[in-house]
Amino acid sequence: MNRSGRRDEERDRRASIEDEVTNNISKVTSFKDYKGDTLVKDAENLAGSIRDLKTAQLRRIYGEVKKMEMDFGKDEASFSRDRVVMLKPRLAYAASKKPEVIRIKNIFSKCIDKIQSREDFYQFVSFFEAILAYHR
């Protein structure tokens with residue numbers, strides 16, 4: 001197989017993984033329902049499909065998410081869905097600067113749509129951490 005064929009095959013494999021993850025996220029009503037085995041399997045597969053994305057790019061986004069996690073603290077009253085939704089423009093900006101971020105932006109945007117509570121947000125943080133762990 002020539003180089004072009006391998007690139008096409010790799011692109012198709014990535015698209016398939018990303019479609020599967022997006023489909024799994026779409027199935028849940030709330031992100032807290034995106035549980036254990038599925039979350040871990042999807043994080044591992046997704047991390048493999050975004051190997052071309054530099055860890056620094058992921059960590060920049062992760063830093064924003066962790067800052068929110070600390071700010072939201074322990075009580076539900078501190079949670080702000082509006083603040084979580086503001087991750088979308090940040091992801092869009094990052095994707096405009098680095099085209100390889102587009103794939104993770106699309107998946108994280110789907111995740112953000114499912115975040116309605118602090119519990120949902122914390123499940124998203126777990127998903128993000130799993131992706132980072134497998135990305136290395």
Side-chain angles (χ1 to χ4, degrees):
M1 184 182 300
N2 64 25
R3 217 178 253 181
S4 175
R6 278 184 290 215
R7 270 193 303 248
D8 290 345
E9 189 177 289
E10 180 63 18
R11 187 179 59 241
D12 290 347
R13 184 188 70 76
R14 286 179 180 174
S16 173
I17 288 168
E18 291 156 15
D19 287 347
E20 181 182 349
V21 172
T22 301
N23 186 39
N24 287 339
I25 293 167
S26 295
K27 287 179 187 175
V28 298
T29 307
S30 173
F31 207 77
K32 67 183 174 219
D33 299 330
Y34 189 46
K35 298 279 185 185
D37 292 338
T38 304
L39 183 145
V40 170
K41 180 181 71 79
D42 286 351
E44 182 175 15
N45 290 338
L46 184 58
S49 82
I50 59 169
R51 288 266 183 238
D52 60 330
L53 190 62
K54 292 182 178 160
T55 303
Q57 292 163 326
L58 272 177
R59 288 214 169 268
R60 201 168 294 123
I61 300 163
Y62 180 68
E64 292 285 330
V65 170
K66 287 303 278 185
K67 184 172 180 348
M68 281 185 213
E69 181 184 35
M70 288 186 296
D71 291 346
F72 293 162
K74 298 240 182 230
D75 69 54
E76 190 68 38
S78 63
F79 175 75
S80 169
R81 171 146 170 69
D82 291 340
R83 191 156 166 219
V84 173
V85 171
M86 289 307 294
L87 281 171
K88 284 185 170 187
R90 289 187 178 132
L91 289 164
Y93 177 77
S96 74
K97 295 290 186 186
K98 302 281 185 182
E100 59 271 19
V101 176
I102 290 171
R103 295 190 326 270
I104 201 76
K105 174 194 93 65
N106 293 338
I107 291 170
F108 282 178
S109 290
K110 199 62 129 164
C111 294
I112 291 165
D113 291 342
K114 299 290 182 171
I115 297 172
Q116 300 298 322
S117 68
R118 193 170 55 97
E119 192 176 349
D120 291 332
F121 179 75
Y122 285 135
Q123 189 72 347
F124 172 68
V125 172
S126 296
F127 180 55
F128 202 147
E129 289 171 345
I131 292 168
L132 280 173
Y134 284 118
H135 186 261
R136 294 187 157 230

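Just so it is clear, the model here is predicted, and its values are computed rather than measured.
Within a 6.0 Å sphere centred on CG of D37, heavy atoms belonging to other residues, nucleotides or ligands number 12 at most.
Taking the charged nitrogens against the carboxylate oxygens, D19 and R14 have no contact shorter than 4.0 Å, which rules out a salt bridge. Using a cut-off of 4.0 Å between Lys/Arg side-chain N and Asp/Glu carboxylate O, D71 and R83 are scored as salt-bridged.
Taken together through direct or relayed side-chain contacts under 4.5 Å among Ile, Leu, Val, Met, Phe, Trp and Tyr, V21 and I102 form parts of separate hydrophobic clusters. Clustering ILVMFWY residues whenever any of their side-chain heavy atoms sit less than 4.5 angstrom apart, transitively, puts V85 in the very cluster that holds V28.
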Under 3.5 Å donor-acceptor pairs involving side-chain atoms of residues 122-132, not counting sequence neighbours:
residue, atom, partner, partner atom, Å
Y122, OH, G73, O, 2.7
Q123, NE2, Y34, O, 2.6
S126, OG, Y122, O, 3.2
E129, OE2, Y62, OH, 2.8
E129, OE2, K66, NZ, 3.3

Which donor-acceptor pairs under 3.5 Å do side chains of residues 45-58 form with protein atoms, sequence neighbours excluded?
residue, atom, partner, partner atom, Å
N45, ND2, K41, O, 3.4
S49, OG, E18, OE2, 3.4
S49, OG, L46, O, 3.0
R51, NH1, Y134, O, 3.2
R51, NH1, H135, O, 2.4
R51, NH2, Y134, O, 3.2
D52, OD1, R103, NH2, 2.9
T55, OG1, H135, ND1, 3.4
Q57, OE1, K54, N, 2.9
Q57, NE2, E100, OE2, 3.3

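Within the model, atoms CG of N24 and CG of D42 stand 4.5 Å from one another, a figure rounded to the nearest 0.5 Å. Here CG of L91 is found 10.0 Å from SG of C111. Values are rounded to the nearest 0.5 Å. The distance from atom CZ of R118 to atom OG of S80, rounded to the nearest 0.5 Å, is 13.5 Å. Residue E64 holds its CD atom at 9.0 Å from CD1 of I61, rounded to the nearest 0.5 Å. Atom OG1 of residue T22 and atom CD1 of residue I107 lie 4.5 Å apart, to the nearest 0.5 angstrom. Within the model, atoms OG1 of T29 and CD of Q116 stand 10.5 Å from one another, a figure rounded to the nearest 0.5 Å.
Using a 4.5 Å heavy-atom threshold, the side chains of L39 and K35 count as separate. Inter-residue side-chain proximity for K88 and D113 is flagged as met; some heavy-atom pair is nearer than 4.5 Å.
Residues satisfying the ring pair (Phe, Tyr, Trp, His ring centres under 6.0 Å) test with F79, not counting sequence neighbours, are F72.
Nearest heavy-atom pair, D120 versus K114, reported as atom, atom and distance to 0.1 Å: OD2-O, 3.5 Å.
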